[in-house]
Each structure stands twice: as C-alpha cells, then as structure tokens.
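Below is one structure, written out as structure tokens; the observations come after it.
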Amino acid sequence: MDRIDPLGDLRRGEYCGKLRASDVGRELVLCGWVQRRRDHGGVIFVDLRDRTGIAQVVFKPDTAPAAHARAESLRSEFVLAVRGRVEARAPDAANPNLPTGEVELLADEVRILNTASTPPFPIEDDIEIDEEVRLRHRVHDLRRPCMQRSLELRHRLLQSVRRTCTELGLLEIETPNLTRATPEGARDLLVPSRLQPGSFYALPQSPQLIKQMLMAAGFDAYFQIVRCFRDEDGRSDRQLEFTQIDLELSFVGVDEILELLEEITVRGFRETLGVELERPFPRLSFAEAMARFGSDRPDTRIQLEIVDLSDVLAGSGFKVFSGAIASGGVVRALPVHDADSLTRGDLDRFESEAKNWGARGLAWVRVAADGSWQSPIAKFLSDAEREKIAERSSLRPGSLVFFGADREPVVCKVLGRLREALGARLERFDGRAWDPLFVVDFPLFKEDEQGQLSYMHMPFVAPLEEDIELISSEPLRVRATHYDLVLNGVELGSGSLRNHRSSVQLEILEALGYSEAKARDRFGFLLDALDAGAPPHGGFAFGFDRMSLLIAGGDSLREVIAFPKTQRMQDLIMDAPSRIDPEQLQELGLRVRLPRGEPK
RNA sequence: GGGGUGGUAGUUCAACUGGUUAGAGCACCGGCCUGUCACGCCGGAAGUUGCGGGUUCGAGUCCCGUCCGCCCCGCCA
C-alpha cells in the first residue's frame with residue numbers, strides 16, 4: 001500500500017544520537033528507524049533511531065504539508081530519510097532524558113525507504129522477552145541499544161587487542177580451518193571430504209599445533225583472532241564456535257608472556273571502558289588458589305577463605321572426617337562470620353547444591369549468641385577437636401562453618417562453589433570492580449576419575465626444567481609451565497611454554513599411554529617440526545567472547561555474539577543444522593543412520 | 001545422557017480445588033486530537049493453551065509420551 005521512496009540524492013548529514021544544541025540551524029538529513037510516532041492530529045512527532053541513539057523529528061502541517069501527510073502513514077520500524085532543519089526546543093519542551101533532547105529536526109521532506117512488519121517486541125533495553133523469541137527475531141533483538149553497545153564494545157576490544165599485538169611486534173598469521181582431528185580433549189566438529197570419501201576434516205579446537213609449527217618456521221611472534229570449534233553441550237559461558245585471541249612467542253620465558261598478556265588486558269580495558277587496571281596483576285600458585293579459594297580461577301574479591309583441618313581431625317572419632325583422611329582425602333572448612341541471616345532452610349538448600357556438586361553431604365556448625373554450638377555433628381567431636389576448629393576458623397558468636405570431607409578435588413570444588421554462592425548471597429565483596437590475577441604453577445598431570453594418568457590442560461605443555469626427570473617416576477609431582485589469566489572469577493584464557501624438544505614431548509606422550517609408534521602416528525608432524533629445529537616457545541589463548549562479556553556486562557555469551565546458538569547448539573536464526581539432499585550425501589559417500597526410527 | 005524450570009493472543013502475564021463464551025497490560029487496526037516524548041481519549045480485531053495420546057459428562061488445569069527455550073550436572077578450559 002505504502003509507497004516506498006528511493007533514497008535518491010539524500011545523504012545522511014548526522015547520526016540521530018549525535019544531534020546537539022551546537023547543530024541548531026543546520027540543514028541536514030537524518031536516516032534511521034521509527035522508534036515511535038506520536039500523532040497529535042496536527043503536529044506529529046517521530047522518534048528516529050539509529051545505532052547511536054534517538055532524535056525527535058517534528059512534522060508540522062503548516063510548514064511542510066506534504067511531509068506531514070506522509071508522516072501519518074509511518075509505523076514502528078519504518079526506515080526513513082528525513083530532510084529538515086535542526087531547531088532548538090523551547091525550554092519547557094526539552095527532554096532531559098535524551099542526549100539529543102534540547103533539539104529536534106523540523107522536517108521539510110520525508111522519504112519512506114522501507115516499510116516494516118510489526119516488531120515482535122519493543123526495541124528497547126530492559127525488556128523481559130523469552131530467549132527463544134529473541135533468537136528467532138534476532139534482527140529486532142540486535143536493534144536494541146544494549147545489543148548495539150555490546151557489539152560495539154566487542155569491536156573496540158578486538159581493535160585494541162589487534163593494535164597492541166601489532167605494536168608489540170606480533171605478526172597476524174592465519175591458519176587453516178579444515179584441519180586434522182587431534183585429541184585435545186573436546187569432541188571434534190567434522191567436515192566430510194568429497195574427494196576422499198570416508199575421510200573427514202576436523203575444525204580446529206584451537207590452532208595449538210599449527211602455531212607451534214609457525215614457531216619452528218621462525219615466525220617468532222605470532223597472533224591470530226581465530227574461530228575455534230568444540231562439539232560439546234552449551235552453557236551460558238560456552239558456545240560451540242567461539243573466538244580466541246591466539247598468540248605464541250619464541251625465545252621467551254613465562255615472565256615475558258605474562259607481561260604481554262597484562263599489557264593486552266590493561267590496554268583493552270583502557271580503550272573500551274576507560275578503566276585502568278592495577279599492575280602488576282597478582283600471581284597465585286595453583287596450590288594456594290585451591291587451598292584458600294577452592295578454585296583455580298578464584299574471585300579474590302569475595303572475602304571468604306577456606307581453612308584446612310585435616311591435621312586436627314585425622315584421628316577424630318567422627319568417621320566421616322577421619323575416614324576421608326584415612327583414604328587419602330582432606331577435611332576443610334569454610335567459615336562465615338555474622339551469618340545470622342542464613343536460615344535453616346538456606347542451609348538445607350546449600351546442602352542440596354553441594355550434593356549436586358559431588359559432595360556426599362554438607363556438615364555445618366553454627367555458633368549461637370551464647371557461644372554454644374548448634375550442629376548436627378557437634379556431638380561426634382571431642383572438646384579438643386572443637387577447640388581446634390574454633391581456633392582455626394576464628395569462630396565467634398554468629399559464625400557459621402561448613403565442612404567438606406572427601407578427596408581433595410571434591411572438597412575444593414564443593415567449598416569453592418559454596419564460597420561463591422555465599423559471597424553472592426551475603427554480599428561479601430571487598431568493593432573492587434575488577435580483580436585480575438594470574439594463576440601459575442599448575443601440575444602437568446592429573447588423575448582422572450578412574451585413577452588413570454591424564455594431562456591437566458593439554459599434552460604439549462612443557463614441564464619445569466627441574467621436574468623433567470620426574471615424568472616417568474612421579475608424574476603427579478611434575479610442575480608445569482602453565483598459567484591462567486583470571487578476571488573476576490572468570491578464566492579469560494590459558495597458556496604455557498611448550499615442549500620444543502621432541503624427546504621430552506615423547507616422554508610425556510608415553511606417560512600418557514601413547515607408545516612411540518602411536519605418538520608418531522598421531523603427532524608425527526609435530527615431532528618432525530620440533531626436530532627440524534624448533535626454538536623454545538610458549539604462548540596463550542584468550543577466550544575473546546568471555547573477555548567481551550566481562551567488558552560489556554551480562555550473564556551470557558549470547559549478549560556479545562551477534563548470532564549465537566542455543567544450548568542444544570542450534571541456530572534459530574537460519575535454522576541450522578538442517579537435513580541435506582540425498583544427492584549431497586551421496587557425493588560425500590555418506591549414509592545417514594539415525595539412532596532410532598527412520599530417517600526423515 | 002541426567003536434574004531443575006518454563007511453554008496460554010504479536011508480547012508479558014492471569015485463569016482458586018477439573019466446570020459457562022480462556023481474561024488483562026503493552027503492541028496492533030480504525031476514529032478523534034497542533035508540543036508530545038511510556039502523549040491522551042473512544043472503538044475494534046486478535047487464541048490449534050508447544051505437539052500427540054489418555055482419564056473424565058467435561059481438561060489450559062490431572063496422567064503418559066514427545067518437542068523446544070533457559071539454568072545446572074555429565075561433557076568441555
């Protein structure tokens with residue numbers, strides 16, 4: 001019905017959100033979307049929106065009757081070019097809530113560049129719309145100011161990182177997306193090969209090995225902003241495809257790399273938020289982080305710390321405690337002072353959470369105003385034990401202390417998460433907005449659930465030089481050169497020095513259960529590259545999406561990814577993944593066999 | 001794969017223990033209105049209650065199955 005006008009020779013003279021009192025008198029064209037139309041029968045007001053903000057356009061029947069007549073047909077989200085003159089608003093007509101509120105554009109001419117279907121929800125911040133609706137109508141969702149802001153911040157962070165790396169002499173080099181499956185931990189996303197039916201490419205989980213080959217090739221400082229893929233179930237902080245700032249340097253030690261990471265991070269915050277992070281970032285050993293905070297990515301702003309009680313409870317008559325220690329575990333406690341606001345119901349909820357995290361139970365002691373202990377387990381503890389617990393936990397009236405007794409990793413996980421939950425519930429923060437730190441000195445290996453030796457991060461991490469001799473004898477004692485960058489309890493990324501001697505690399509692979517033949521079969525290209533004269537090297541990878549999320553603020557990666565996938569890794573915008581034609585399958589030498597039922 | 005939670009108009013929600021024609025705000029459509037900015041006033045249209053089956057005289061409501069979103073565990077740095 002509505003006539004659609006050509007843009008013709010109209011060109012935008014200013015962004016809507018940029019109009020200021022200093023623009024009064026300018027004749028210019030604004031382009032944008034109709035946020036809202038207020039039709040007074042005579043005068044018509046239109047809020048015109050672009051990615052910078054909103055400006056008010058006025059259509060008057062007496063000054064521009066044709067434009068006014070056209071304006072009557074305007075609807076939400078119509079796309080306009082409006083030519084007119086910027087005028088100052090009368091003081092009582094100004095809108096102090098808008099940056100552009102002192103002025104308005106008096107329209108001479110309006111061109112409707114496109115009409116628009118009715119938006120499924122208002123294009124505003126602070127609306128509560130079901131996530132599925134937002135994803136299905138992502139175009140509208142992305143028009144909301146907060147999304148525009150988030151993606152712009154992400155852009156500025158990206159540019160900042162790229163600039164910093166470039167200025168520091170790192171070369172940006174691209175690596176293939178169609179690569180070979182390597183056992184880096186996660187499930188690979190596979191791409192079938194047409195020319196070699198039955199064979200598959202794997203999308204990179206990270207460019208780890210290929211960047212090591214760049215080091216061997218003599219590109220002694222590399223970085224890349226690179227898409228990576230891991231075929232695992234989604235979380236609010238995990239997407240199937242995600243972006244890494246990947247970097248690697250030769251002829252350096254850990255300190256030089258950490259300094260570079262600090263520089264990238266500090267400049268990133270400065271150039272996006274204008275925030276100046278305090279340097280140097282504190283360094284925490286893995287052992288200390290786990291002991292005090294129960295996490296390898298602690299938020300040290302939370303003013304709660306774990307204490308160890310293993311030594312005082314090893315001989316306890318309470319078998320839950322002494323038994324855990326006897327079988328090689330630990331007993332630790334998380335004291336919380338001034339905890340009267342926590343009800344018995346809260347404690348029960350925390351216990352059920354703890355069970356969800358792997359605990360068998362969650363013992364607690366509460367100190368009443370008269371100093372007496374209210375606790376389901378107090379009767380099992382001797383006076384001496386109670387005294388020691390009270391001393392080490394600094395208990396006083398109003399204190400509450402939670403106990404964890406199990407294998408050390410379980411206790412750390414449970415008390416660590418409990419610490420975060422309690423910190424949030426009781427608002428025990430020290431007031432700092434930003435808490436960057438490095439966690440260093442990770443172990444090289446760990447034992448998995450079945451007691452099998454496995455790598456902590458990945459099999460290419462170099463051990464500390466003095467621990468190399470322990471690889472075959474006492475692998476669990478081998479310390480790694482691995483480090484993590486942690487910000488506000490979020491792991492922003494991790495890195496390490498890598499094995500540049502094939503002998504050490506082979507020794508580690510053998511400790512992990514690879515025979516030399518198998519190691520050469522899977523990683524021959526890496527071992528050959530090392531043998532070709534690889535220099536000592538190491539690097540890092542930032543989780544760029546998480547970094548963007550911290551800067552933009554929000555709870556989910558979906559807020560900083562233009563077109564994210566759902567938890568089940570579906571793309572609701574394009575409706576992917578989708579079925580494909582039988583011809584395409586045939587060409588790839590594939591036949592689909594669904595787990596149940598007939599292929600649809 | 002498992003646990004939790006939700007799915008009713010475009011959207012956000014309501015509908016007590018099963019009971020008349022499934023309601024309301026916003027949005028939408030029409031009319032009126034010359035300084036609004038969450039404009040206002042009058043009127044209107046709008047529903048496969050996610051889907052399938054069952055119980056019942058009767059199902060949005062109860063039962064079974066299934067699909068989807070979100071949070072979490074597993075998995076994954």
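In what follows, chains are A, B, ... by sequence order, proteins preceding strands, each numbered from 1.
- Phe281(A) is linked by a ring-ring contact (aromatic ring centres under 6.0 Å, His included) to Phe438(A), counting only residues two or more places apart in sequence or in another chain.
- Residues from residues 556-568 of chain A with heavy atoms under 4.0 angstrom of RNA chain B, sorted by number: Arg558(A), Thr566(A), Gln567(A), Arg568(A).
- Residues meeting the salt bridge (charged side-chain N to carboxylate O under 4.0 Å, His left out) test with Arg20(A), sequence neighbours left out: none.
- Among residues two or more places apart in sequence or in another chain, the salt bridge (charged side-chain N to carboxylate O under 4.0 Å, His left out) test is passed with Asp348(A) by Arg344(A).
- Between the CZ atom of Arg417(A) and the P atom of C71(B) there is a distance of 15 Å, given to the nearest Å.
- Phosphate proximity of G30(B) to Arg75(A): present, with a side-chain N or O under 4.0 Å from OP1 or OP2.
- At a threshold of 4.0 angstrom between heavy atoms, the contacts of Asn356(A) are confined to the sugar-phosphate backbone, with no base atom among them.
- Using a 4.0 Å cutoff on non-hydrogen atoms, no part of residues 285-292 of chain A comes near RNA chain B.
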Might you list the N or O atoms of the protein lying below 3.5 Å from N or O atoms in nucleotides 6-9 of chain B, with each pair's distance?
none

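- The base of C70(B) lies outside donor-acceptor range of the side chain of Arg134(A), with no N or O pair under 3.5 Å.
- Using a 4.0 Å heavy-atom criterion, one finds that Arg89(A) contacts the bases of the nucleic acid, with or without backbone contacts as well.
- Between the side chains of Asp545(A) and Ser548(A), no donor N or O sits under 3.5 Å from an acceptor N or O.
- Using cut-offs of 30° and 60° for the angle between ring planes, the His482(A) and His457(A) rings count as parallel.
- Nucleic acid contact class of Glu131(A) (heavy atoms, under 4.0 Å, all strands): sugar-phosphate only.
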